[in-house]
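Contents: one structure, followed by commentary.
Lettering of chains follows the sequences in order, A, B, ..., and the numbering in each one begins at 1. Treat the numbers as computed from the prediction; the structure is a model and nothing was measured.
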Amino acid sequence: MDYDKIDGALALALERADDPNEAFSVFVHARQPGAAVPPELADKFGTDTVGAIHTATLTREDINRLSEQPWVDSLQLSSQRRPA
Amino acid sequence: MKHDKLTPRLSIVYDAYSDLGREGLRRRARLLNLVSVAEMPKPPRAVVFLYCDEDTDLSRLDELGVEVNQRSGRIRTAIAPIDTLDPLSEQPGVSRIASSHYLRPLMDVAPGRVGVPQFRQVFPQLNGEGVVFGLVDSGIDPNHPAFTGRIARIWDQTLPGAGVPEGGYGAELSNSTLTTSRDTHGHGTHVSGIAAGDDAVFGGIAPRATLVVVKTDFSDVHIADGIRYIFRVANDLDLPAVINLSLGGHSDAHDGSDALSQVIDEVSGPGRIVCCAAGNEGNDNIHAQVSLAQGGTASAYCSVPSGAVTAGSFLLNGWYSGADELEVAVASPGGLQTAFQPLLSGQSPVGTFDLPNGRVTIVTPSALRENGDHQFLVLVELALASGNPPLASRPWRLRLRGAQVTDDAGSRVDIWILDETEGLGATFSGRAVQDSVKVGSPGAAASAITVAAFTTKVQWTNIDGQSEQVSLELDDISDFTSEGPGRDGSEKPDIAAPGAMIASCLSVDASIGRRSIIDARHVVMAGTSMATPFISGLVALLLQANRGLTPDNVRQRLRDQSRIPRQLAGTFDPKWGYGLLNAGNLQP
């Protein structure tokens, strides 16, 4: 896991997750838009080509692998908004 | 009575009322834009235009019971009791009194307060037709007659289904399946009514717009998917679109660098505009700011109301320059303190400490790539560690220490406090509290039009015939509206629009107290949520006239026609933005 690519909220959520299969809703910021998404993640990304910012629901293992990918710039955990 | 000053329609009204009193008006009320015809405590009134000289002082008309919505201008709007038409016609400064020309009466005061009737008079062809009004919110009541036949799609992210290309979850609905989605909160239906409701009583700004609705669970990832969905559908329909985001939060850096704001910047462009609420935390001590010197320390105190809960948690979201390095500690109400935790790079940045009054988790990661700044998080879980009850009467204390401060002026730290347990009510206290920098994501997005709330109404009559009132200052910025600027100094909010108390559509599936309900179809609400669709609706009208307008084009047009009372045009204020919009002179 490259923790330097993970925001504080995602690091906290991963630390506290008991279930290894728990899924996290995240933003994935790409360093190299246009690169190919790894085939095993294409379904979760809904595309096989990297854009600037993706949304995806990923397991801890997915996040671990993604954080090691050179084209991935950072991963951020989703946060809640509320009606204003 | 000077009859030559009255338009023929108003003459009919006056004669009918003179001959038969209230009964003479009853059958003509809707056609003639009359107000309070059936409400016995109030005199029947007409929505009128007053033609006068630019600077004529009409303030004395208050004494007659005439509510004039503007202090200057050659054509002003007013609500006038019918029996004041006689003395009104005798006013030397008034040259003409005309009834509203619309079959859709403007029964509420808010549109008149921001010059919408004048805008409509100049551009009567603009009604939102051929423009998508996109909503990401709690949904919409698909059966409300104000939206009949105009909802093109609903992506209900909360229903089971195969999703849409932008996200493989939820259900996409259209035509006969639209009614599968319900707005049990009522917020989205109310917001939609303000922007795009086609309603005989409380008409929206763009009543012929096409609606594309995303019912969301309010996760920012799903909101981002919803924004992309609406713009894609609008593109498929070959229509320009404005998206209304009457929502917000404080888990971001308040500088527009968060992912949701970045998505908004990415997808906005010509004919693709996003309007956002500034937020409703103007009265809440949710923001603290401290400054640290090299080796120095600073504190911020966090209070939980006594008796509020016996357990719960709150989160501190702190940000400071990426050039500096701070250490973070927390002291419990009992006085015991965690160790100072430094930046933890290249490893898990999470440290957990058990204190007698709760468990504290501190997260100190390396600088964020999106803005180059450092974020730290502190999660305080009350009384979970030892079972000791929380000491609510004394505050928790966040302590910061400057391990590396590069600027001689010190390291500025901004911290926001968020309830992790709903209703906990944790706030900052003490000197560190700052009533500024409270416009969070997505209102902080650079390309978004961010809207503050102005109070145009403080009284209404509820469905039970009881008079209701709120303690807001009439004709002033709503004190609940969140203050800017951005943490990066960006000028947010952009402008102000009516946000209290606003009457609009009621979702039949929402559980709303009768105090706020006006009738079976309408409810009053307040918030920057209500101000935002005023602007979204106007943007829809602008896009109808010019579908190539960019966010910067729209922002400049709106700012140019906004003004803070008693201040020079072009003055920015963190609460008002560039001031209250006057749509009367707005140019598409």
Looking at chain A, which one of B:S246, B:P365, B:G527, B:G249 has the largest number of heavy-atom pairs inside 4.5 Å, strictly under? B:S246
Side chain, backbone, both or neither of B:A259 within contact of chain A (heavy atoms, under 4.5 Å): both
Identify the residues of residues 65-84 of chain A whose heavy atoms come closer than 4.5 Å to a heavy atom of chain B, ordered by number, or report 'none'. A:D73, A:S74, A:Q76, A:S78, A:S79, A:Q80, A:R81, A:R82, A:P83, A:A84
Among B:A277, B:G346, B:G188, which residue has the highest count of heavy-atom pairs closer than 4.5 Å to chain A? B:G346
So, the part of B:T352 with a heavy atom under 4.5 Å from chain A: the answer is neither
At a 4.5 Å cut-off on heavy atoms, which part of B:L418 comes close to chain A: side chain, backbone, both, or neither? neither
Non-hydrogen atoms of chain A under 4.5 Å away: do they reach the side chain of B:T361, the backbone, both or neither? side chain
Let me know if B:H250 has heavy atoms under 4.5 Å from chain A in its side chain, its backbone, both or neither. neither
Under a 4.5 Å heavy-atom cut-off, does chain A meet the side chain of B:V221, its backbone, both or neither? both
Would you call B:R369 and A:D7 a side-chain contact if the rule is heavy atoms closer than 4.5 Å? no
Select one option (side chain, backbone, both, neither) describing which atoms of A:K5 are under 4.5 Å from chain B's heavy atoms. both
Against chain A, label B:E266 side chain, backbone, both or neither, depending on which of its atoms sit under 4.5 Å from a heavy atom there. side chain
What part of B:D137 lies closer than 4.5 angstrom to a heavy atom of chain A: side chain, backbone, both or neither? neither
Which bit of B:L379 is near chain A, if near means a heavy-atom gap under 4.5 Å: side chain, backbone, both or neither? side chain
